[in-house]
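One structure is given below, encoded as C-alpha cells.
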Amino acid sequence: MKKKFILLGAPGSGKGTLAEKATTKYGILQISTGDIFRQNVADGTALGKKAKEYMDRGELVPDELVLDLVADRLSQPDAQKGYMLDGFPRTIVQAEALDKALEKSGSRIDAVVYLNVPRDELIHRISGRRLCSVCGKSYNVDNPEFSPAVPGICDVDGGNLIQRPDDTEEVAKGRIDVYNEQTHPLVEYYQEAGMLTELNGMDGAVRNFELFSALIEA
Ligand code: AMP
C-alpha cells in the first residue's frame, strides 16, 4: 500500500486526528509541516528561529522556507512507502510545487481528503485542544470523546498536557482567516483536478475514519 494523500482543512478540522488513526491502523506515515516546524523551534535551529515569528502570529511561514523542507522530507526512505500530508500544501504556490516535484519523480497524489467544518466549531475545538508535551498526542478538554482519563495528563505516557501558543482564541481566529484567504482556494484547485473527497467534519471522527479507510483500502 504505497498511497499518498493530502489532508486538507482549516486548523481544528480534524486532520491530525484522522492521520493519527490511519497511522495506528495502516502504518501510513503522517507528514505534518506544523509538527516539523514546532520541532525546529524546540531544537532552536535556524529554520525554527525564522519560522517561530510567523507561527506565533498565526501567519503562514513563507513558501520558500516550506518548499525545501518538504522536498527534503519526501525524499527520505520512509516516505517512499506512501504518506499523508497534514498541513501542506497551504497555498496554490505550494500545491503547484508539489505537483511538479511528484511529476518529476513519476508519482502522484491518490486523493485529497477535505474536512469541512464551520468556523464557530473550529474556534471552539482549537481553544479546547491540548497536546502531550512528551508524545504530542492531541486531546480536547471540551469534548469527552477526546478528554484524557486524568485531567492534564496524557493517557499514553503520563506527560503533562499543554496548550499550543497559537491555539488561543485570538490567534486561532486569525489562523482561520489565513486559511480562508490562502488555503481554502485549494479546495477548488483539487476539485477541478478530480482529486477531492469532501468529508463533513461534523460527522465525527469515527464516521470520517470509516470513509477515509475506504479510500486507503480502495
Ligand atoms: P499546523 O500545526 O498545521 O496548524 O501549523 C502551525 C503553523 O506552522 C502554521 O500556523 C504556520 O505558521 C506554520 N505552517 C505549517 N505548515 C505550513 C505550510 N505548509 N505553509 C506555511 N506555514 C506552515
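The figures that follow rest on heavy atoms only: side chains count, while hydrogens, waters and symmetry mates do not. When a ligand or atom number is given, it counts from 1 through the structure's own listing order.
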ask   = For residues 175-188, which residue pairs qualify under salt bridge (Lys or Arg N to Asp or Glu O under 4.0 Å), counting only residues two or more places apart or in two chains?
value = Arg119-Asp177, Asp166-Arg175, Asp167-Arg175

message = Determine whether the aromatic ring centres of residues Tyr114 and Tyr190 are separated by less than 6.0 angstrom.
response = no

ask   = Do Glu96 and Lys100 sit within salt-bridge range, that is, some charged N less than 4.0 Å from a carboxylate O?
value = no

task = Only pairs at least two apart or in different chains count here, so list each side chain to side chain donor-acceptor pair (under 3.5 Å) that has a residue in residues 146-161.
result = none

Proximity to ligand 1 by part of Val66, non-hydrogen separation under 4.0 Å = side chain

query = Any idea which atoms of ligand 1 are less than 4.0 Å away from a heavy-atom of Arg175?
reply = 4 (O)

message = Would Lys137 and Tyr139 count as a cation-pi pair here, with the cationic atom under 6.0 angstrom from the ring centre and within 45° of the axis?
response = yes

query = For atom 12 (O) of ligand 1, what's the nearest protein heavy atom and its distance?
reply = Glu59 O, 2.6 Å

ask   = Which protein heavy atom lies closest to atom 16 (N) of ligand 1, and at what distance to 0.1 Å?
value = Thr33 OG1, 2.7 Å

ask   = What protein heavy atom sits nearest atom 19 (N) of ligand 1, and how far away is it?
value = Gly87 O, 2.9 Å

message = Suppose we measure from atom 22 (N) of ligand 1 to each protein heavy atom; which comes out shortest, and what is that distance?
response = Val61 N, 3.0 Å

Candidate with minimal heavy-atom separation from atom 3 (O) of ligand 1, of Lys15, Arg90, Arg164, Gln94 = Arg90

